[in-house]
Amino acid sequence: MATVLPALTPVEETLYVTLAGRALDSRSRFSILGDTLSDEIALEIGYNPDDIVVPRAKAADVAMRSKMLDDVVRGFIARNPDAVVLDLGAGLDTRVVRVAPPETVDWYDVDLPGVVKVREQVLPHRANVHAVAADVTDPGWLDPLPRDRAAVIVCDGLLPFLTEAEFTALLNRLTGHFPRGEVAFNNYPRYAVRILKRMRSTRALGALVRHGGFDDPHEPERWDPDLELVEEMLAARLPAPPGTPMVYRLTNRLIGLSPALARKFTAIDRYRF
């Protein structure tokens, strides 16, 4: 029997786009992420990813940035086996299952209350995984979390739904709470924000966008002086998944020759503090 969903707000409902992207990618013979659990969750909640118009390229984009953020978390945990992990705006992402952190890691999935209710029904429970039902703009949710351990903080698709002032305040609270760590998120260049508002598949999301995006990966360093850019991960410069058609490989290779052009596509910016 399908899980009964609570009424979700328009912002909470944005989780369907990324869920559909990961599910549809898992069905592709050129799958980037191989996240079959996302497809199972979609079926569990009675949601058919085919019902939302997600172009193949968009599904690949969602899967690629998920994989890049997974790699950031895995790398940090390898260097800090007792780390704290925060996944902000987690939606129904199965990142904690894909990464499979050791028991020495405390993992926090943070999202709005309606989303957390769904997560608790459809994702497997683990002793070291904690759900935080909160609005990330509320400063109080961070108080109970450990303060004496290194933290890796990731967010996928959160930035557009916060104003620059809200995102800046969030970054400052995070870097002030933990002694050291890393923050990584997918960038949203101004070009991408404009596309988000105009594409048929994302036009409804565009109406919820509150951030204008940024083109310079050093811009967040000005929002929070504790941040230092350590890596700009441009998907166009990464190896293509096995079996990817040659036309896509060549297109990526050409795009990757220009950092300015590559930034208009999938990219993850990683900062230390």
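Every pair passing salt bridge (Lys or Arg N to Asp or Glu O under 4.0 Å) that includes a residue from residues 168-183 is listed here, sequence neighbours excluded: Arg79-Glu182, Glu182-Arg270. The stretch residues 158-168 participates, sequence neighbours left out, in these salt bridge (Lys or Arg N to Asp or Glu O under 4.0 Å) pairs: Glu166-Arg210. Among pairs with a residue in residues 90-124, those fulfilling ring pair (Phe, Tyr, Trp, His ring centres under 6.0 Å) read Tyr108-His130, at least two apart in sequence or across chains. Every pair passing salt bridge (Lys or Arg N to Asp or Glu O under 4.0 Å) that includes a residue from residues 100-113 is listed here, sequence neighbours excluded: Asp106-Arg149, Asp109-Arg119.
Partners of Asp215 by side-chain contact (heavy atoms from CB on, under 4.5 Å), not counting sequence neighbours, listed by chain and number: Pro189, Arg190. Residues passing the side-chain contact (heavy atoms from CB on, under 4.5 Å) test with Pro102 are Ile77, Thr104, Val105, sequence neighbours excluded. For Ser26, the side-chain hydrogen bond (donor to acceptor under 3.5 Å, both in side chains) criterion is met by no residue, not counting sequence neighbours. With sequence neighbours left out, Asp71 forms a side-chain hydrogen bond (donor to acceptor under 3.5 Å, both in side chains) with Lys67, Arg74. Scored by the side-chain contact (heavy atoms from CB on, under 4.5 Å) test, Thr266 finds Asp61, Met64, Arg65, Met68, Ala235 as partners (sequence neighbours excluded). Annotation: side-chain hydrogen bond (donor to acceptor under 3.5 Å, both in side chains) contacts of Glu221 (sequence neighbours excluded): His218. Annotation: side-chain hydrogen bond (donor to acceptor under 3.5 Å, both in side chains) contacts of Asn172 (sequence neighbours excluded): none. For the side-chain contact (heavy atoms from CB on, under 4.5 Å) test, residues two or more places apart in sequence or in another chain that qualify with Glu40 are Thr36, Leu37.
Rounding to the nearest 0.5 Å gives a distance of 9.0 Å between CG of Leu19 and CG of Asp93. Rounding to the nearest 0.5 Å gives a distance of 5.5 Å between CG of Leu145 and NE2 of His177. The distance from the CG atom of Leu158 to the CG atom of Leu162 is 4.5 Å, given to the nearest 0.5 Å. From Leu92, atom CG reaches atom CD1 of Ile41 across 6.0 Å, with rounding to the nearest 0.5 Å. To the nearest 0.5 Å, atoms CG (Asp224) and CG (Leu174) are separated by 9.0 Å. Taken to the nearest 0.5 Å, the CG atom of Leu112 stands 10.0 Å off from the CG atom of Leu15.
The nearest pair of heavy atoms linking Ile32 to Asp25 is N-OD1, 3.0 Å. The minimum heavy-atom distance between Asp156 and Asn186, with the atom names listed, is CA-OD1, 3.4 Å. Residue Leu170 comes nearest to Val136 through the heavy atom pair CD1-O, 3.6 Å, listed as atom of the first residue, atom of the second, then distance. Thr18 approaches Val62 most closely through the heavy-atom pair O-CG1, 3.5 Å. Closest heavy-atom contact between Pro146 and Phe178: O-CE2, 3.1 Å. Counting all heavy atoms, side chain and backbone alike, Phe76 lies closest to Ala150 at CZ-CB, 3.8 Å.
Put simply, the side chain of Thr14 gets close to the backbone of Val11: a donor and an acceptor are under 3.5 Å apart. Under a 3.5 Å cut-off, the side chain of Asn187 and the backbone N or O of Asp269 do not form any donor-acceptor pair. When atom types are taken as modelled, the side chain of Asn80 and the backbone of Ala83 share no donor-acceptor pair closer than 3.5 angstrom. A side-chain donor-acceptor contact under 3.5 Å links Glu12 to the backbone of Gly114.
If you run side chain to side chain donor-acceptor pair (under 3.5 Å) between Arg22 and each of Ser66, Ser38, Ser31, only Ser38 comes through. Exactly one residue among Trp223, Tyr188, Phe161 makes a ring pair (Phe, Tyr, Trp, His ring centres under 6.0 Å) with His211. That residue is Trp223.
Linking ILVMFWY side-chain heavy atoms closer than 4.5 Å, directly or via other members, places Val96 and Val116 in two distinct hydrophobic clusters. The hydrophobic cluster containing Leu229 also contains Phe273, counting ILVMFWY residues as joined when their side-chain heavy atoms lie under 4.5 angstrom apart, directly or transitively. Under the 4.5 Å side-chain heavy-atom criterion for Ile, Leu, Val, Met, Phe, Trp and Tyr, Tyr271 and Leu234 are members of distinct hydrophobic clusters. Following chains of ILVMFWY side-chain contacts shorter than 4.5 Å, one can reach Ile268 starting from Val99, so the two form part of one hydrophobic cluster. The hydrophobic cluster containing Val97 also contains Val72, counting ILVMFWY residues as joined when their side-chain heavy atoms lie under 4.5 angstrom apart, directly or transitively.
The side-chain heavy atoms of Arg98 and Leu33, taken from C-beta on, include a pair separated by under 4.5 Å. Side-chain contact check for Val85 versus Pro101: every heavy-atom pair is 4.5 Å or farther apart.
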Report the C-alpha separation of Met233 and Leu238 in whole Å, then their side-chain angles, then the decisive distance to 0.1 Å, and conclude whether the side chain to side chain contact (heavy atoms under 4.5 Å, CB included) test is met. CA-CA 8 Å; Met233 305 165 67; Leu238 298 178; 5.5 Å; no

Go through the steps to decide whether Ile45 and Gln121 satisfy the test side chain to side chain contact (heavy atoms under 4.5 Å, CB included), and finish with yes or no. CA-CA 9 Å; Ile45 64 175; Gln121 293 180 73; over 6 Å; no

Evaluate side chain to side chain contact (heavy atoms under 4.5 Å, CB included) for Leu123 paired with Val129, printing each intermediate quantity in order. CA-CA 11 Å; Leu123 268 83; Val129 178; over 6 Å; no

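Ring pair Phe214/Phe167: centre-to-centre distance not below 6.0 Å.
Aromatic ring orientation, Tyr16 versus Tyr47: tilted (interplanar angle from 30° to 60°).
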